[in-house]
Asks: 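Just passing along the structure, written as structure tokens.
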Amino acid sequence: MANSIRFFLNGQKQDVTVRPDTTVLEWLRLGPRLTGTKEGCAEGDCGACSVLLGDVSNGEIRYHAANSCIMTMGQIDGRALVTVEGLKGETLHPIQAAMAENGSSQCGFCTPGIVISLAGLAASGGQADDHAIHDALAGNLCRCTGYRPIVEAARKVMGEGGASIPGPAVAAFAEVEPAQQIAASGAMFHQPRTLDDLLQLRHEKPRAVLLAGGTDLGVALADFHGDWGEVISTAHVRELRDIGETPTHLSFGAAVTWEEVLAHVAPLYPSFATLIRRFGSTQIRSMGTIGGNIGTASPIGDGPPALIALGVEIELASLDGTRAMPLEDFFLDYRKTELKPDEVIASLRIPKPAAGQDFRVYKISKRYDQDISTVCGAFSVVREDGIVRSARIAFGGMAAIPKRVREAEAALVGRPINEETTRASAAAIRDALSPLSDWRGSAEYRSQVAANLAERFRRDLAGEVVEVMAL
Amino acid sequence: MNIDVPTPEAKTVQRSIVGHGIAHDSAARHVAGEAVYIDDMPELPGTLHAAFVLSPVAHGRLKGIDASAALALPSVAGVWSAGDVPGVNDVGPVIPGEPLFAEELIDHEGRVIAVVAAEDFETAYRAARLVKLDIEELPPVLDVEEAHGAKSYVLPSQTVSEGDAAGAIAGARHVFSGKLRMGGQDHFYLETHIAYAIPGEGGDMLVHSSTQHPTEVQHHVARLLGLHANAVECQVRRMGGGFGGKESQATIIAGAAALVAAKTGRPCKLRLKRRDDMAGTGKRHDYVAMWKAGTDDQGRILGLEVEYLARAGNLPDLTGAVITRTLTHTDNSYFIPNARFVGHACKTNTVSNTAFRGFGGPQGILTIEAIVDAIACQLGRDPNEVRRINYYGDETGDMTPYGQKVEDNRLIEVTDAVLASAFWQERRREIDEHNAASPVIRRGLAMMPVKFGISFNLTSLNQAGALVHVYLDGSIFLNHGGTEMGQGLFVKVAQVVAEVFQVDLDMVKISSTATGKVPNTSATAASTGSDLNGMAAFRAASAIKARMAQVAAEHFDVEEEQIVFREGRVHAGNESISFGELAKMAWAKRVQLSEAAHYATPKIHWDGKTMKGRPFFYFTYGAAVAEVAVDTLTGETRCLRADILQDVGSPLNPAIDLGQIEGAFVQGMGWLTCEELWWDGKGRLRTVGPSTYKIPGSRDVPPQFNVRILDDQPNREETIFRSKAIGEPPLMLGVSVWLAIRDAIASIAGKGVSPELDAPATPENVLRAITKLKISDHDA
């Protein structure tokens, strides 16, 4: 057991005694007084608090942006944390220099977070077209500039080298190997390494906070809600971090992040990949896990409708053994699931596309990026000679739980997808679902749009451009 | 002191610094995380942290406050409410009677009731939620139409009237009418409200406040604490955004922090969590506009009546002036010979709305643009032509309904230029062809002009002061009444001073705004920051320079006219000395190297009773063309392209101005598309963070975004270096996006049918407008 959290801060090894449920943002600002990292919203939605987190993967350090406002200190144990101050070094980092020259800041309050996100993109070595730049910025809000000078500065830097992240060497990570348990200032943070250890812990401490990324729970933490005295993190559970592939399936451990899921599903289901990019910013995707997204059982979560339409099966584990079920059976009622107090979500299996299968998922929200769905509709059909042999249709935002709509599927099965069957399917969607009214949309709007998505699906399969963002 | 100062046009002033696109003075610090905001300042030992207790209900009577559970938390220093205010519990910015802490009446959800302080932020925030409020709930009034029906207003209604609108409409060939609902807008500055109050000896109070109006903070803190104004100093180095949200209501936060500091004798910091900031402070006023217009066959407006229901919220705050600006911008660019514009300040049990970039202008301009479009649509005419025949000009007239002549008209110039650069004709054709072949995804195109009046409507606010010192090493200290919220005011004013002395910009120290240095200032608002403070600083610098020139003339033994300040040196023929050497020389001769100067905008006057006068020193002009795509199955929209042309006179700093134009346009677009404030049936605001309140993101910016500044066209009025204000006017160019969405929706209707689109054009409002058209089409 450790009594401190060990990590690298801007390249320097740290050994910090602090409650592990302190947010990283709070510690940065009040501990070492690194005040470049700002609190803009404390719900992981504005990006002013962005920091880079480095992990060793396949022998190299990968950095990605994360929201420090909703992340606990326990979660950075064993990792490398880089703040805007650390990027500067002797001279400005290329993105800092480009932004300073290009009028990319006005009030400057969002600027450190934007610098971090773009530095993360520059270091990723991936594509750096405008699409990638917007992806990198999806979790950062700027109220002053209108973004043009920010995007322009990013374009300049992405074309050039020299945009590495100053940090520790790979070998140095051995010095900060995550502890199994961290106890400090009356709080306990568990980081089991194996599924057996996790299940044992879960069994012993069913009331502890089960932290699987924390992009949802962290919002409560940042608002000082709940008792975080005892936390069990799934982040280091080996089995839960597994990604596997068979000829027919992809399998993901529950602690795999959405950023990792994205990389694997993108070639198979481009529509799902688009959704994943939209439902969380880079910061959120690199923290949030697929198991957490399911376990939190939000009726507006975007993962479940898509996963249900894809026919995903999940596996739950406890000391008593494991059990598997189709994902749609997991959700019982508003935030109520099949999960027993001593159980955890272990993994899920996503079938690979079948011959003749078409999958589309559509998310409707007020803003394209980093918004919560008003309605999310997922459609999957398998057709043979133009006739639908099987169909799976699921919606989020339309009921207390993510909901499969078998009536709408039945309207298509055994028939071709044409105006008539689409109308029938749309009518079934309208009849089967009774959404609520709230700030994201009225019940009437939700019903109308959910039904209209059946029409969009038909046109989409017919090859039409069906989304304004595609223009 | 009576100083004869040259005007900024004087030939001795060369423009080597002004007019250049120089980066924001804090840019390098911003990107490195080194720019210091109030929450970043080192805290003094013993600093307390505070949090507000806010009302959970919209309307009720406060029977009691039970703070025992809060006080029982370790480290809680105290809980204070209305009864604890030693002076006057009032922060009304215009009209007295606006209590900081609720007294008996609770009049909106999020109403400040008490402040709690503790050793740390988390404890203060937790403690605030433990304070039990005994409130007798009353039914709330949440709807402006309900308030209007009951004639429940926070202020008397205002009317701008010219000619006989009712008569002209009655006699017109065509009469159109409509009702437009437009939503409000949260400022969503990235830095929430904050203040750090530090008690001094003898009851003195220093307040660092994130405010656009340090003088108001000073005066209200003094009143709350029962002190003279001279006992309170307010300082502001920078804000993380303001947009009007920190104009009047920063007094609430600063006042509460100062109260805790006064009560405890300890420094106190009060920083609002985002949700408290959004629930507890005001926003842009949402409006309902009801209108009736009479036109001829071409769409020429002969008479127009508009009645506005503005949501004031629970208190007046700045609502009166906001409505005045709506009424003086309902004409926008159009000559309306017979006009009657009425504005009601509706009292509702919602947070008191306040200033927001544009300050009522956007609501007026959106309304008239919607009216012009509805007229064009129903007459089956080209909206651009209908706009043009109504423009102020020789063929129509140049007198506004409020009695100010339009003397600097650039409407034709800006709109012709933007239509040409946007390839209007070609794209109009192309979009119409696209729509004919695309049943689901429709595209829309719209152009609109903006004419915006510059000056505070209230004449007395149009004044400023500046303080300039020259030190003996030639470095210069600059202070003025304007505040920096990101808009680049500080660098612009520094450019003015560097220009006067002809020294490097680096030699001018930009300092925090401070009420002890320059007193009795106006808010940095109404786009007037650089006009007012730039001119005051110019006068101060010029006075020092004149005295230094005298010293130089004596030294070189030449006439004063032969002394030239250039590139950090002072020249007389072939001889020169450095600026610093001259400063030393002047000191040795006991010449004053410091000056406090004042500027008051000339020519303006306003009669609030008749609602006539010349409220504006001048107008700025701009125009925008926007193209959008609309999904008629879901109501989703996207702005694909925007072309903007904005008049800034001879710009002080075109790079800064460009940033202002782009940012304002995107903010205006956000107001009219994705940003929606939503209250539940009990009057609780449910959009209190970025997860629920959506401002535009980087991908929402049109992929083709062509912004141009009108080529150097000096202001015809004598402003600082003939520049024009820039802060607010381009926000209203965002109306073009809303009009383009309307145009796309109209494409599915038959000719002569005008869509009924509420603002913001959220997917839901768009789909509702489409559905209405489809239903009425079906009925027909």
Side-chain angles (χ1 to χ4, degrees), chain A residues 35-38 40-43 45-46 48 83-85 88 92 96 99-101 103 105-112 115 134 137-138 141 143-151 224 364 366-372 438-439 441-442 445 448-449 452 455-456 459 464-469 471, chain B residues 23-24 26-28 30-35 37 40 122 125-126 188-191 238-241 273-274 440-441 485-488 629-631 633-634 636-638 640 655 658-659 662-663 665-667 674 676 678 686-687 689-692 694-695 697-701 705 762-764 767:
Chain A
T35 55
T37 310
K38 311 293 185 194
C41 71
E43 55 181 36
D45 255 293
C46 80
T83 69
V84 67
E85 292 90 350
K88 185 178 170 183
L92 293 175
Q96 289 175 316
M99 285 181 61
E101 283 159 19
S105 68
Q106 287 183 24
C107 87
F109 202 84
C110 73
T111 311
V115 163
H134 289 310
L137 291 174
L141 298 176
R143 192 53 152 167
C144 296
T145 63
Y147 302 97
R148 191 274 312 159
I150 296 170
V151 173
F224 312 121
I364 309 302
K366 284 184 197 164
R367 189 174 67 206
Y368 185 81
D369 282 313
Q370 178 83 344
D371 196 357
I372 292 164
D438 67 10
W439 47 93
S442 67
Y445 174 71
Q448 193 179 353
V449 165
N452 283 354
E455 171 71 2
R456 177 188 277 187
R459 290 176 179 275
E464 278 186 36
V465 172
V466 294
E467 293 190 62
V468 292
M469 291 308 289
L471 292 180
Chain B
H24 194 287
S26 295
H30 288 154
V31 298
E34 293 166 359
Y37 303 81
D40 305 336
E122 178 175 344
Y125 191 75
R126 283 181 185 271
F188 210 88
Y189 27 65
L190 265 285
E191 177 206 38
R238 61 169 65 78
M239 283 164 272
K273 276 274 196 189
R274 178 64 64 179
V440 172
I441 306 283
M485 60 197 102
Q487 82 279 40
V630 173
D631 183 337
L633 288 177
T634 61
E636 295 164 288
T637 67
R638 182 190 192 189
L640 298 168
L658 181 67
E662 292 171 335
F665 175 83
V666 172
Q667 199 169 58
C674 49
E676 186 172 39
W678 198 89
R686 304 301 294 272
T687 45
S691 59
T692 46
K694 310 311 284 188
I695 71 168
S698 76
R699 211 188 305 264
D700 300 313
V701 176
F705 193 22
T762 56
E764 175 158 3
L767 192 63

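Letters A, B, ... mirror the listed sequences (proteins, then strands); counts begin at 1. What you see is a predicted model, and the numbers here were worked out from it, not measured in a lab.
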Asks: Check whether any side-chain heavy atom of Val468(A) sits under 4.5 Å from a side-chain heavy atom of Thr637(B), and report yes or no.
Replies: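 No, their side chains stay 4.5 Å or more apart.
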
Asks: Between chain A and each of Pro690(B), Gly33(B), Ala23(B), count heavy-atom pairs under 4.5 Å; write down the option with the most.
Replies: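 Heavy-atom pair counts peak at Pro690(B).
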
Asks: To the nearest 0.5 Å, what is the distance between CG on Leu658(B) and CZ on Arg148(A)?
Replies: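 That separation rounds to 5.0 Å.
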
Asks: Report the option among Leu633(B), Val666(B), Thr762(B) that has the most heavy-atom pairs separated by less than 4.5 Å from atoms of chain A.
Replies: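 So the answer, after comparing Leu633(B), Val666(B), Thr762(B), is Leu633(B).
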
Asks: Does any non-hydrogen side-chain atom of Cys107(A) lie less than 4.5 Å from one of Met239(B)?
Replies: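 Side-chain contact under 4.5 Å: no.
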
Asks: Look only at the side chain of Arg459(A) and the backbone of Val440(B), and say whether a donor-acceptor pair between them is shorter than 3.5 Å.
Replies: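 Such a contact is absent between Arg459(A) side chain and Val440(B) backbone.
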
Asks: Tell me whether Glu43(A) contacts the main-chain N or O of Ser691(B) through its side chain, where contact means a donor paired with an acceptor under 3.5 Å.
Replies: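 Answer holds: yes.
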
Asks: Assess whether side chain to side chain contact (heavy atoms under 4.5 Å, CB included) is satisfied between Glu467(A) and Thr634(B), documenting all intermediate values.
Replies: CA-CA 9 Å; Glu467(A) 293 190 62; Thr634(B) 61; over 6 Å; no

Asks: Can you find a heavy atom in the side chain of Asp45(A) that is under 4.5 Å from one in the side chain of Lys694(B)?
Replies: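 Yes, their side chains come closer than 4.5 Å.
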
Asks: Checking Arg699(B) now: which residues fulfil side-chain contact (heavy atoms from CB on, under 4.5 Å) with it, not counting sequence neighbours?
Replies: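 Testing Arg699(B) for side-chain contact (heavy atoms from CB on, under 4.5 Å), a comparison that skips the adjacent residues, returns His131(A), His134(A), Asp135(A), Tyr368(A), Asp369(A), Met469(A).
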
Asks: Ser442(A) versus chain B, heavy atoms under 4.5 Å apart: side chain, backbone, both or neither?
Replies: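 Ser442(A) touches chain B through backbone and side-chain heavy atoms alike.
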
Asks: In terms of heavy-atom pairs under 4.5 Å, which option from Trp678(B), Phe665(B), Phe705(B) contacts chain A the most?
Replies: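 Greatest number of close heavy-atom pairs with chain A: Trp678(B).
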
Asks: If you take all heavy atoms of Trp439(A) and Glu676(B), which pair is closest and at what distance?
Replies: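 Heavy atoms only, the tightest pair is O-OE1, 4.1 Å.
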
Asks: Pick one of side chain, backbone, both or neither for Arg126(B), based on which atoms fall under 4.5 Å of a heavy atom in chain A.
Replies: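 For Arg126(B), the contact with chain A is made by the side chain alone.
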
Asks: Which atom pair, heavy atoms only, marks the closest approach of Val701(B) to Gly146(A)?
Replies: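 Reported closest heavy-atom pair: CG2-O, 3.2 Å.
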
Asks: Looking at Glu34(B), His24(B), Lys273(B), which makes the most heavy-atom pairs under 4.5 Å with chain A?
Replies: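 Heavy-atom pairs under 4.5 Å are most numerous for Lys273(B).
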
Asks: What heavy-atom pair brings Ser698(B) and Val151(A) nearest, and what distance separates the two atoms?
Replies: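 That would be CB-CG2, 4.5 Å.
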
Asks: Which distance, rounded to the nearest 0.5 Å, do you find between the CD of Gln667(B) and the SG of Cys144(A)?
Replies: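 Output value for this atom pair is 8.0 Å.
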
Asks: Strictly distance-based, threshold 3.5 Å: is any side-chain N or O of Tyr37(B) a donor or acceptor partner for the main-chain N or O of Phe109(A)?
Replies: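 Present.
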
Asks: A side-chain contact here means heavy atoms from C-beta on lying under 4.5 Å apart; do Asp700(B) and Arg367(A) qualify?
Replies: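 Asp700(B) vs Arg367(A): side chains touch.
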
Asks: Which region of Tyr125(B), side chain (C-beta onward) or backbone (N, CA, C, O), has a non-hydrogen atom less than 4.5 Å from a non-hydrogen atom of chain A, or is it both or neither?
Replies: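 The answer is the side chain of Tyr125(B).
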
Asks: Between Ile695(B) and chain A, with a heavy-atom cut-off of 4.5 Å, which part of the residue counts as in contact: side chain, backbone, both or neither?
Replies: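 Both the backbone and the side chain of Ile695(B) come within 4.5 Å of chain A.
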
Asks: At a heavy-atom separation under 4.5 Å, does Glu636(B) approach chain A through its side chain, its backbone, both, or neither?
Replies: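 Both backbone and side chain of Glu636(B) come within 4.5 Å of chain A.
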
Asks: Side-chain contact, heavy-atom cut-off 4.5 Å: Arg274(B) with Cys46(A)?
Replies: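 Arg274(B) vs Cys46(A): side chains apart.
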
Asks: If you count heavy-atom pairs under 4.5 Å between each of Ala27(B), Gly697(B), Gly240(B), Cys674(B) and chain A, which one has the most?
Replies: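 Heavy-atom pair counts peak at Gly697(B).
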
Asks: Name all residues meeting the side chain to side chain donor-acceptor pair (under 3.5 Å) criterion together with Arg238(B); count only those two or more places apart in sequence or in a different chain, and write none if there are none.
Replies: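 Expected list: Ser26(B).
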
Asks: To the nearest 0.5 Å, what is the distance between CD1 (Ile364(A)) and CG (Asp631(B))?
Replies: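 Between Ile364(A) CD1 and Asp631(B) CG, I get 7.0 Å after rounding to 0.5 Å.
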
Asks: Show the nearest heavy-atom pair for residues Phe188(B) and Arg143(A), with the distance to one decimal.
Replies: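 So the minimum-distance heavy-atom pair works out to O-CG, 3.3 Å.
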
Asks: Below 4.5 Å from any heavy atom of chain B, which atoms of Leu141(A) appear? Answer side chain, backbone, both or neither.
Replies: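 For Leu141(A), the contact with chain B is made by backbone and side chain together.
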
Asks: Could you have a look at Glu85(A), Glu455(A), Met99(A), Gln448(A) and say which one has the most heavy-atom pairs with chain B under 4.5 angstrom?
Replies: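 Greatest number of close heavy-atom pairs with chain B: Gln448(A).
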
Asks: Would His30(B) and Ser105(A) count as having a side-chain donor-acceptor pair, cut-off 3.5 Å?
Replies: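 The answer is yes; a qualifying pair exists.
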
Asks: For chain B, which candidate among Val449(A), Leu92(A), Asp371(A), Thr37(A) shows the most heavy-atom pairs at distances under 4.5 Å?
Replies: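 When all of Val449(A), Leu92(A), Asp371(A), Thr37(A) are compared, Asp371(A) has the most.
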
Asks: Which one wins on heavy-atom pair count under 4.5 Å against chain B: Lys38(A), Gln370(A), Gln106(A)?
Replies: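 Of Lys38(A), Gln370(A), Gln106(A), Gln106(A) has the most heavy-atom pairs under 4.5 Å with chain B.
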
